[in-house]
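Reviewing the structure listed below.
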Amino acid sequence: MAQVLRGTVTNFPGFDERADAETLRKAMKGLGTDEESILTLLTSRSNAQRQEIAVAFKTLFGRDLLDDLKSELTGKFEKLIGAGTDEKVLTEIIASRTPEELRAIKQVYEEEYGSSLEDDVVGDISGYYQRMLVVLLQANRDPDARIDEAQVEQDAQALFQAGELKWGTDEEKFITIFGTRSISHLRRVFDKYMTISGFQIEETIDRETSGNLEQLLLAVVKSVRSIPAYLAETLYYAMKGAGTDDHTLIRVVVSRSEIDLYNIRKEFRKNFGTSLYSMIKGDTSGDYKKTLLLLCGGEDD
């Protein structure tokens, strides 16, 4: 049975975009900024509602809400509006997004930056890592349909031949199968691979590849198995150890708050023996901490 995905942020009942725009303007006028009012309001509205607030803000005051927020908010709190990009970010986002989400990301990227995401990836990155990213960015993964067991067997055998049974590794075979087959098909392939080889596919990837390609292939496998579990792990390691990876923490919590953050919370508790809420509360500090706690939607059910 397919997992029902739930976010922690939904449409605010009784929503009034003009009243919200006025509240935000009041919070940013005069001496000092009422950050408490800003974060409480913005974290309790859905993204669609926030877009309506931005339109109302410009209509009422002739000002750009995003520009005002950037000028009024400082430090990590401002980063909640958007974080930078690096190879780790590319891996996480491109591996874990659906074809529909990837198409939307590519469209917005081109509108924002005036160039195609694929062209920028090709210009900045090389090797099999680049080729895997490009395959995923085509967003042409097969749709889920009836499982063809013969094809499952063929793909599992092909991966075994391309890795464990080959001197060296046929990376292209991994890239093609991982980047184009449907999610339900790949889950069966991974099961069949374990039966044929005696190894989990993750073990083979670890042995046969390295660097950014290894991280991307592992991210694809983990996302195929469970996107909430993969993102729960991403959040855990963003906070574990010395220092916190603020960019990753902010990006995942904010971007998944309306999609599956509730499910991510459940996986976090199950896999790491503590709640996401309590780990954020104990491992982070500063001006964005309360915002993330509000987006989490509570300690646990």
Side-chain angles (χ1 to χ4, degrees), residues 1-11 43 46-48 80 83 88-105 136 139 141-144 178-179 181-191 194 200-202 205 214-241 244-284 288 291-301:
M1 183 177 173
Q3 185 181 36
V4 177
L5 299 180
R6 283 177 53 189
T8 55
V9 174
T10 56
N11 281 331
T43 56
S46 69
N47 182 57
L80 285 160
K88 182 179 174 183
V89 176
L90 281 174
T91 293
E92 174 208 308
I93 292 175
I94 295 176
S96 64
R97 292 338 188 233
T98 65
E100 295 76 19
E101 288 169 335
L102 285 172
R103 284 191 282 271
I105 288 168
L136 292 171
R141 187 179 292 286
D142 296 336
D144 278 328
F178 281 26
R181 304 296 195 259
S182 75
I183 298 301
S184 56
H185 176 87
L186 284 173
R187 286 176 184 152
R188 287 288 300 119
V189 169
F190 298 159
D191 289 343
M194 177 67 182
Q200 293 284 6
I201 191 69
E202 291 92 334
I205 292 169
E214 177 187 357
Q215 294 308 309
L216 181 55
L217 292 175
L218 288 173
V220 170
V221 172
K222 290 171 184 178
S223 296
V224 165
R225 294 194 189 280
S226 168
I227 289 172
Y230 168 59
L231 293 176
E233 178 185 295
T234 301
L235 287 170
Y236 179 76
Y237 286 107
M239 291 181 282
K240 188 176 183 292
T244 298
D245 181 350
D246 302 310
H247 284 291
T248 295
L249 184 58
I250 291 168
R251 181 179 60 255
V252 175
V253 170
V254 173
S255 68
R256 308 306 290 193
S257 61
E258 293 184 49
I259 301 170
D260 54 4
L261 189 54
Y262 177 84
N263 308 80
I264 291 168
R265 273 174 41 189
K266 292 295 185 188
E267 293 290 342
F268 197 98
R269 164 72 77 177
K270 181 175 78 176
N271 295 330
F272 302 110
T274 186
S275 73
L276 175 60
Y277 186 96
S278 62
M279 195 159 179
I280 290 173
K281 193 171 183 179
D283 284 55
T284 64
Y288 73 107
T291 309
L292 295 181
L293 293 176
L294 286 168
L295 287 171
C296 278
E299 173 80 47
D300 261 316
D301 295 322

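Note that these values count all heavy atoms, side chains included, but never hydrogens, waters or copies made by symmetry.
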Between [X] (side chain only) and [Y] (backbone N and O only), is there a donor and an acceptor less than 3.5 Å apart?
| X | Y | result |
| --- | --- | --- |
| Asp260 | Asn263 | no |
| Arg141 | Ile183 | no |
| Thr8 | Leu295 | yes |
| Arg256 | Ile264 | no |
| Arg187 | Ser182 | no |
| Gln215 | Thr91 | no |

Q. Can you name the closest pair of heavy atoms from Ser275 and Arg269 and give their distance?
A.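 Nearest pair, atom of Ser275 first, then Arg269: CB-NH2, 3.6 Å.
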
Determine whether [X] and [Y] make a side-chain contact, defined as any pair of heavy atoms from C-beta on separated by less than 4.5 Å.
| X | Y | result |
| --- | --- | --- |
| Glu92 | Ser255 | no |
| Asp191 | Met194 | no |
| Tyr237 | Glu233 | yes |
| Leu276 | Ile280 | yes |
| His185 | Asp142 | no |
| Lys88 | Thr234 | no |
| Val220 | Leu136 | yes |

[X] [atom1] to [Y] [atom2] distance, which is reported to the nearest 0.5 Å:
| X | Y | atom1 | atom2 | value |
| --- | --- | --- | --- | --- |
| Met239 | Asp245 | CE | CG | 10.5 Å |
| Ile105 | Glu100 | CD1 | CD | 11.5 Å |
| Glu202 | Arg225 | CD | CZ | 4.0 Å |
| Leu102 | Ile94 | CG | CD1 | 7.0 Å |
| Arg181 | Arg188 | CZ | CZ | 15.0 Å |
| Lys222 | Ile227 | NZ | CD1 | 14.0 Å |

Q: Could you check whether the rings of Phe272 and Tyr236 sit parallel, tilted or perpendicular, using 30° and 60° as the cut-offs?
A: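 If you compare the ring of Phe272 with that of Tyr236, the planes turn out parallel.
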
Q: Please test Val221 against Phe178 for side-chain contact (heavy atoms from CB on, under 4.5 Å), starting from the C-alpha separation and ending with a verdict.
A: CA-CA 8 Å; Val221 172; Phe178 281 26; 3.5 Å; yes

**Q.** Partner residues of Glu267 under the side chain to side chain contact (heavy atoms under 4.5 Å, CB included) criterion, sequence neighbours left out
**A.**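 Only Gln3, Ser226, Pro228, Ala229, Ala232, Lys270, Asn271 meet the side chain to side chain contact (heavy atoms under 4.5 Å, CB included) criterion with Glu267.
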
Q | Phe268 vs Tyr277, ring-ring contact (aromatic ring centres under 6.0 Å, His included): CA-CA, chis, key distance, verdict | A | CA-CA 10 Å; Phe268 197 98; Tyr277 186 96; over 10 Å; no

Q. Testing Thr248, Leu249, Val253 for side-chain contact (heavy atoms from CB on, under 4.5 Å) with Arg251, which one passes?
A.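 With Arg251 as partner, Thr248, Leu249, Val253 yield a single side-chain contact (heavy atoms from CB on, under 4.5 Å), made by Thr248.
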
